[in-house]
Amino acid sequence: MRIHRPGFTHRLKKRLIGITAAALLLPALTAVSGTTTANAAPWGGYEEAWVNSSMGPIKVQIQWAARGGNAALYLLDGMRARDDRNAWSFETNALEQFAVDNVTLVMPVGGQSSFYTDWYAPSNFNGQKVTYKWETFLTQELPAYLETRGVSRTNNAVTGLSMGGSAALTLAAYHRDQFKFAGSYSGYLNLSAPGMREMIRIAMLDSGGYNSDAMWGPPWDSRWMRNDPFVFAPMLKGLSMYISSGNGLPGEYDAPGALLGSLGSSDLRGSLGSSGSVTSFNTSNAMGLESLALMNTRAFEARLNSLGIPATYDFTSDGTHAWGYWSAELWKSRPQILDALNAW
């Protein structure tokens, strides 16, 4: 015998409606930076998040670990970092390289000419509105967000090219509790070398009109020493490191008309079909920049050797300051990164 209970049916309908509404609302809530309380990372997939910082919301491109692991690899951009995308996501096949690995790729967007460091003040040459605080973001604010998504604060690697290579070593040296691996591809690792601070000043003016005095003060300020890998090298003892550079000679990624970048540029100058003069200029520029990176990197190698600190080095027989070479170096360093993070 069936008993009709109008009150029960009404309550059941209301409960079902409430459950459905909650299910529809949940994705919208978790898309907001810092609001999710999940403690397990998603299993694979790609996401773009906006993470709160003292500089305002920062866009971060994320490829989640294939099997929900807690390890992360931070990929830092070059001097001409763009505001819409991290160049690792489109100038290289980094996402495909780590697609089946149990490590999350973290690609912060922005930071042109920043050296991913905390600045003294906004640049007064180009009307910058906020003070760069990238070290704070990458070591405090971003890890705090990622922790809510299941990424460990202590099982991380960081690597970068050019400006990002220097920054990767700096971040790892001063935040050893966060990073187990650091990689530098064509980085500037001897900032105290004669003329280097002047060259950085010129490069920053060329890449967005930034004033290097707003970053680390005048050339005699102690912050220049604090951020020089050659100087803080003793702090790197025990850290897994991969250090590479080309020699400035054109190679397989310098074919006429290729997409060449200077200072880690993601500008599409010298694209296919462009005039030979544009391509030649970019190639010549990339040759000079890589030669400078080689001198810096060789000096850094000698410094580590004098301290008895081991690292993996790759000095190629050719190669300019261009994305094709950095993509290849990321692939070469991948096994060491996965070993350091236990993220196979």
Side-chain angles (χ1 to χ4, degrees), residues 26-27 29-52 58-77 85-90 92-109 116 137-161 164 167-169 171-173 175-185 238-242 311-312 326-344:
L26 182 60
L29 290 174
T30 58
V32 179
S33 169
T35 61
T36 178
T37 58
N39 56 12
W43 281 48
Y46 173 83
E47 181 178 342
E48 295 181 355
W50 289 89
V51 181
N52 292 328
I58 300 295
K59 182 179 178 179
V60 182
Q61 296 172 263
I62 304 171
Q63 177 174 277
W64 296 105
R67 293 173 297 284
N70 70 358
L73 169 60
Y74 290 58
L75 293 172
L76 304 184
D77 214 327
R85 292 182 293 169
N86 182 306
W88 282 105
S89 70
F90 66 92
T92 77
N93 65 342
L95 276 70
E96 290 78 10
Q97 289 186 27
F98 290 88
V100 299
D101 299 319
N102 208 20
V103 60
T104 293
L105 298 188
V106 179
M107 296 166 283
V109 177
Y116 293 104
F137 177 67
L138 294 171
T139 61
Q140 297 180 33
E141 295 158 343
L142 180 54
Y145 167 74
L146 291 172
E147 188 176 37
T148 69
R149 307 297 304 276
V151 175
S152 171
R153 283 179 175 264
T154 60
N155 193 27
N156 302 283
V158 59
T159 193
L161 66 303
L169 291 175
L171 292 170
H175 302 278
R176 293 294 298 273
D177 58 333
Q178 181 178 356
F179 297 107
K180 296 180 177 179
F181 170 95
S184 171
Y185 316 131
L239 178 72
S240 178
M241 290 181 283
Y242 184 97
T312 301
W326 301 322
S327 181
E329 291 301 323
L330 179 64
W331 177 251
K332 292 178 187 178
S333 57
R334 172 178 163 270
Q336 187 174 341
I337 294 169
L338 296 178
D339 281 343
L341 302 178
N342 191 25
W344 288 94

query = Between Val158 and Val106, is any pair of side-chain heavy atoms under 4.5 Å apart?
reply = no
message = Are the side chains of Ile58 and Val109 in contact, using a 4.5 Å heavy-atom criterion?
response = no
ask   = Can you find a pair of side-chain heavy atoms, one from Tyr242 and one from Phe181, that are under 4.5 Å apart?
value = yes
Polar side chain donor-acceptor pair, Thr154 to Gln178, under 3.5 angstrom = no
query = Is the shortest heavy-atom distance from the side chain of Thr104 to the side chain of Ile62 under 4.5 Å?
reply = yes
key: Minimum-distance pair of heavy atoms, taken over all atoms of Ala340 and Asn155   = O-OD1, 4.4 Å
ask   = Hey, are the side chains of Ile337 and Leu73 touching, using non-hydrogen atoms and a 4.5 Å cut-off?
value = yes
query = Is Arg153 close to Leu146 at the side-chain level, that is, under 4.5 Å between some pair of heavy atoms?
reply = no
request  = Drop me the distance from Phe137's CZ to Asn52's CG, to the nearest 0.5 angstrom.
outcome  = 9.0 Å
query = Which pair of heavy atoms, one from Val51 and one from Glu141, lies closest together, and at what distance?
reply = CG1-O, 4.2 Å
query = Do you know which two heavy atoms are closest between Gly69 and Asn102, and how far apart they sit?
reply = N-OD1, 2.9 Å
ask   = In chain order, what residues pass the side chain to side chain contact (heavy atoms under 4.5 Å, CB included) check against Pro42, with sequence neighbours excluded?
value = Trp64, Arg149
remark   = Closest non-hydrogen atoms of Gly160 and Ala168, given as atom of the first, atom of the second and distance, are N-CB, 4.1 Å
inquiry  = Nearest 0.5 Å, please: how far is CG in Leu169 from CG in Leu239?
reply    = 8.0 Å
SB check Asp101 Arg67 (cutoff 4.0 Å) = no
inquiry  = Using the rule given for side chain to side chain contact (heavy atoms under 4.5 Å, CB included), can you reason through Leu330 versus Leu75, listing the C-alpha separation, both sets of side-chain angles and the distance that settles it, and then say yes or no?
reply    = CA-CA 10 Å; Leu330 179 64; Leu75 293 172; 4.1 Å; yes
query = Is a side-chain donor or acceptor of Gln336 paired with a backbone partner of Met241 at a separation under 3.5 angstrom?
reply = yes
inquiry  = Can a donor-acceptor pair be found, under 3.5 Å and without considering hydrogens, that links the side chain of Thr159 to the backbone of Gly183?
reply    = yes
inquiry  = Is it the case that the side chain of Asn70 and the backbone of Val151 share a donor-acceptor pair, with hydrogens and angles ignored and the cut-off at 3.5 Å?
reply    = no
task = May I ask you to test the Thr312-Ser333 pair for a side-chain heavy-atom distance under 4.5 Å?
result = no
query = What are the two closest heavy atoms between Tyr74 and Leu138, and how far apart are they?
reply = CE2-O, 3.8 Å
note = With sequence neighbours left out, the residues meeting salt bridge (Lys or Arg N to Asp or Glu O under 4.0 Å) with Lys59 are Glu48
Over all atoms of both residues, closest heavy-atom pair of Arg176 and Gly238 = NH2-C, 3.4 Å
task = Return yes if some donor-acceptor pair links the side-chain N/O of Asn342 with the main-chain N/O of Leu338 below 3.5 Å, else return no.
result = no
key: Sub-4.5 Å side-chain heavy-atom contact between Gln61 and Tyr46   = yes
request  = Look only at the side chain of Glu329 and the backbone of Tyr185, and say whether a donor-acceptor pair between them is shorter than 3.5 Å.
outcome  = no
Donor on one side chain, acceptor on other, Asn156 and Lys180, under 3.5 Å = no
query = Do Asp339 and Trp344 have a side chain donor and acceptor closer than 3.5 Å?
reply = yes
query = Under 3.5 Å, side chain of Glu47 to main-chain N/O of Gln63, donor-acceptor pair present?
reply = no
request  = Rounded to the nearest 0.5 Å, what's the gap from CG on Leu171 to CG on Leu76? Could you check?
outcome  = 6.5 Å
query = Quick one: CH2 on Trp331 to CD on Gln97, what's the gap to the nearest 0.5 Å?
reply = 6.0 Å
